[in-house]
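The structure appears below as structure tokens.
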Amino acid sequence: MVQSCFNEEYRPQFHFTPQNNWMNDPNGLVYHDGVYHIFYQYNPNGNTWGYMSWGHAISTDLVHWKHLQIALECEVDSNGNVIEMFFSGSAVVDVNNTSGFAVSIGKDGTGKDVFSQPMVAIYTSCYPTAHTTSNGQVIRQGQQSQSIAFSNDNGLTWTKYNGNPIIPSPPVEYADQYKQFRDPFVFWHTPSLKWIMVASLAIKQILLIYSSNNLKDWTLESQFGPHNARFGEWECPSLFPLYLDDNTAAEKWVILIGINPGGVIVGSGTQSIIGSFDGKSFVADPSDVYDPAELPFGSTVFQDFESTSSTFEELGWTATGDFAGTGPQKGSIVNAGKVQGYLGNGIMTTCLFGNGGTGTIMSPKFIIRKDYISFLIAGGYYPYNPATAGTSEDNQVSINLVVEGEIVHSQTGTNTESLVWRSWNVAGWVGQEAYLAINDFNTSQSAHLHIDEIVFSDCPKDEANWNDFGPDYYAAATYNGLPTSERTVIGWMNNWAYANNIPTSTWRSAMSIPRTLALKTINNKIRLVQQPVSSLSTLYTSTLYSHNFSSLECGETKVSVPAPFNSSMKVALKFTRGGGTKFGVILCSNETNTQKTVIGYDFLGQNIFVDRFKSGNSSFVESERNTFPGYFIATMPTKPTDEIEISILLDWSSVEVFGGQGQVALTSQIFPLEHSATQVKLFSEGGSTRSVSVSINGINSVWK
Ligand code: FRU
């Protein structure tokens with residue numbers, strides 16, 4: 001195979017990628033003897049998902065990586081049929097040899113044997129065909145079971161345990177889930193002196209917690225879920241302790257769960273839940289579990305669509321196009337009863353006339369009096385795009401908040417038929433007149449929206465604690481073998497909605513930058529905060545640009561950043577609201593801004609945003625259901641201080657954005673088309689921005 005020079009178009013320069021071929025989830029993250037291991041879902045035979053194996057690389061600083069040989073390779077029979085694939089899992093170092101896998105590696109001074117410390121991988125065996133294993137276990141077609149393998153040479157070569165699979169099937173009450181039982185995360189729990197495993201019953205959204213003394217025999221202790229984001233498959237769980245506010249006496253536990261589909265934007269997403277763990281059960285903090293049937297605190301219902309015998313006109317709303325004369329529908333009959341999660345009996349839907357209907361359903365005008373507008377939403381992902389609005393290309397299916405004739409907030413569906421809560425911060429428009437416009441300008445199948453329970457409230461209504469508000473952060477896994485204060489996480493920087501199509505070759509997919517996790521109390525709520533690992537700073541060049549503006553006037557200000565570092569950089573912004581409504585930076589742009597990735601802060605909507613509508617190539621997804629273009633927001637109120645901090649990591653095909661102390665992150669792939677599109681511009685919209693400080697460093701490539 002050709003050795004890559006890691007300088008192909010879109011090749012990440014400081015993010016981990018395999019030399020060649022397809023990669024998905026990080027697996028078996030373990031730190032041992034000064035070395036960070038990363039294993040990962042890997043296809044040795046191609047550039048799309050298949051033949052799943054565990055690739056392997058090591059690092060001493062989490063940024064420079066050395067690729068090693070495949071650790072666990074998909075097993076194929078003599079006819080070329082796949083017998084066993086190695087799905088996601090974790091790795092531990094069995095220092096006390098509880099597994100008995102250690103071997104003698106020599107003698108000490110007194111002539112006694114010195115034993116190795118075996119590395120043990122705990123993974124899901126996915127068996128595509130029915131067969132009987134060499135130890136006599138009967139395997140059904142499609143079965144997913146938990147297995148182990150061990151290595152006595154620090155992960156270089158591996159031996160599969162001859163008693164595999166060690167957990168062949170889910171517990172009896174979930175016996176029918178044998179094809180959806182996967183992704184074991186194992187760690188050593190010191191207080192109970194046991195190994196703990198958390199594994200997922202994916203389509204049940206249930207996590208099973210097991211314990212073991214020897215990594216081979218496992219006892220089911222408890223189960224957890226479904227909670228919060230739960231309309232999709234739960235995958236790749238991780239369970240670990242963290243200190244609250246750096247207080248080593250205040251330990252809490254966190255569960256990370258991947259959900260796909262049903263992520264915050266569309267497709268894949270990652271949520272976290274904070275709670276406690278006693279060695280047997282994880283109990284979520286009540287404040288971290290969101291009951292979807294409960295309205296947000298201090299709510300006034302604006303419209304619950306319960307009047308299913310009325311037309312929108314009779315309710316004081318206006319309906320145009322195909323929706324003229326229609327009204328709220330009984331939830332049970334909408335879309336052949338597929339819609340779930342609505343409150344009461346009625347909902348608003350544009351799923352009429354075999355989905356083909358187009359038009360607008362508009363609310364009466366109202367004065368914004370509370371800080372949040374929340375609603376339940378389901379349907380297709382067809383975002384409002386300001387560039388096509390009003391043209392024949394406008395295919396949005398979205399609910400919009402209109403103030404003074406401008407759309408100031410917009411939300412499209414997430415490509416599911418399950419209603420989820422979304423909230424807009426509208427504090428910036430309190431006292432102003434507004435209305436809601438539900439637009440369905442798309443005639444294709446699946447292009448519809450369902451809305452229920454529109455409420456005005458003092459607090460947001462969360463569906464989940466999203467770990468990342470961008471579209472490209474999934475299957476996040478954490479390192480074993482590090483102290484609690486150094487808990488480090490890596491996510492797969494891609495999304496199943498389009499992962500197999502992204503325009504890169506001969507590799508496909510990158511990992512996020514490793515991030516250090518902590519729990520911090522911010523505005524009276526415990527938040528899981530994340531920051532890039534500190535070793536990333538060893539890659540920063542000297543400052544390329546740094547400037548303080550007491551006030552930055554409305555408009556764009558070009559920043560001259562010398563090549564060659566201008567497409568791999570860190571941008572740090574600090575600023576305070578002036579007379580303007582938005583402030584931020586335009587990256588990877590050409591002279592006329594026909595290509596650009598925009599990252600900024602919306603002072604009125606109180607959110608950090610990433611706009612990749614014009615970021616470059618976004619047409620690699622089937623156009624009718626293109627889930628790549630979009631505008632992503634993470635609410636981060638300016639309080640308690642008025643100053644906003646945003647830090648951005650730009651690589652050749654991604655941006656990772658961290659807000660405040662890391663309480664919000666947005667990760668997004670981008671594929672700039674023009675090589676000349678390397679300009680950096682600051683912008684202030686609607687007026688000036690005060691006390692702006694900008695600092696830009698290049699980031700050296702880790703592959704040179
Ligand atoms: C998540 C996932 C896991 C599975 C693996 C297979 O991305 O679907 O649940 O183990 O990928 O490659």
Side-chain angles (χ1 to χ4, degrees), residues 18 21-29 38-56 70-75 82 84-91 121-128 142-149 165 167 170 177-186 197-208 225 229 232-238 255-263 266-271 467-468 471-478 489-502 508-512 667 669:
N21 294 346
W22 168 268
M23 172 178 81
N24 56 291
D25 318 348
N27 295 150
L29 302 182
I38 185 170
F39 300 87
Y40 51 89
Q41 289 288 282
Y42 182 62
N43 179 356
N45 301 329
N47 203 8
T48 50
W49 187 90
Y51 298 97
M52 294 324 293
S53 305
W54 278 32
H56 186 198
I70 293 175
L72 296 163
E73 185 153 8
C74 171
E75 220 173 284
V82 174
E84 181 182 7
M85 288 199 277
F86 295 82
F87 273 17
S88 286
S90 46
I122 308 95
Y123 58 92
T124 298
S125 296
C126 176
Y127 304 108
Q143 184 168 327
Q144 295 183 353
S145 307
Q146 315 323 318
S147 294
I148 55 178
I167 309 181
Q177 296 302 306
Y178 68 95
K179 293 185 177 184
Q180 296 286 348
F181 173 40
R182 59 180 177 271
D183 304 342
F185 177 77
V186 172
M197 175 195 293
V198 48
S200 183
L201 290 177
I203 60 172
K204 289 276 176 197
Q205 300 94 25
I206 286 176
L207 304 182
L208 299 176
E233 297 190 14
W234 273 17
E235 303 182 313
C236 301
S238 195
I255 270 190
L256 279 185
I257 308 163
I259 179 165
N260 177 71
V266 67
S268 317
T270 303
Q271 62 172 328
N467 212 226
D468 196 292
D472 294 309
Y473 186 78
Y474 193 56
T478 63
V489 65
I490 297 181
W492 176 48
M493 203 157 51
N494 212 337
N495 188 318
W496 283 115
Y498 42 71
N500 276 290
N501 302 91
I502 59 166
R508 212 179 237 131
S509 290
M511 293 303 179
S512 74
T667 303
Q669 296 183 90

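One-based numbering, in listed order, for ligands and for the atoms of each. Note that the structure is predicted; figures quoted are calculated from it, not measured.
- For Thr478 and Ser238, the side-chain atoms include at least one donor-acceptor pair closer than 3.5 Å.
- When the salt bridge (charged side-chain N to carboxylate O under 4.0 Å, His left out) test is applied to Glu235, the partners found at least two apart in sequence or on another chain are Arg182.
- Distance alone, capped at 3.5 Å, places no donor-acceptor pair between the Asp468 side chain and the Thr270 backbone.
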When you check ligand 1 against the protein, what N or O pairs turn up below 3.5 Å? List the atom names and distances, or just say none.
unit_1	atom_1	unit_2	atom_2	d
ligand 1	7 (O)	Asp25	OD1	2.8
ligand 1	7 (O)	Asp25	OD2	3.2
ligand 1	7 (O)	Trp496	NE1	2.9
ligand 1	8 (O)	Glu235	OE1	3.4
ligand 1	8 (O)	Glu235	OE2	2.9
ligand 1	9 (O)	Arg182	NE	2.8
ligand 1	9 (O)	Asp183	OD1	3.4
ligand 1	9 (O)	Asp183	OD2	2.6
ligand 1	9 (O)	Glu235	OE2	3.1
ligand 1	10 (O)	Ser88	N	3.1
ligand 1	10 (O)	Asp183	OD1	2.6
ligand 1	11 (O)	Asn24	ND2	3.2
ligand 1	11 (O)	Asp25	OD2	3.2
ligand 1	12 (O)	Asn24	ND2	3.1
ligand 1	12 (O)	Gln41	OE1	2.7
ligand 1	12 (O)	Trp49	NE1	2.9

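- The side chain to side chain contact (heavy atoms under 4.5 Å, CB included) test applied to Ile259 returns Ala229, Trp234, Trp466, not counting sequence neighbours.
- No donor-acceptor pair closer than 3.5 Å links the side chain of Gln146 to the backbone N or O of Pro165.
- Legend: residues meeting side chain to side chain contact (heavy atoms under 4.5 Å, CB included) with Ile70, ordered by chain and number and at least two apart, are Tyr42, Pro44, Ser53, Glu73.
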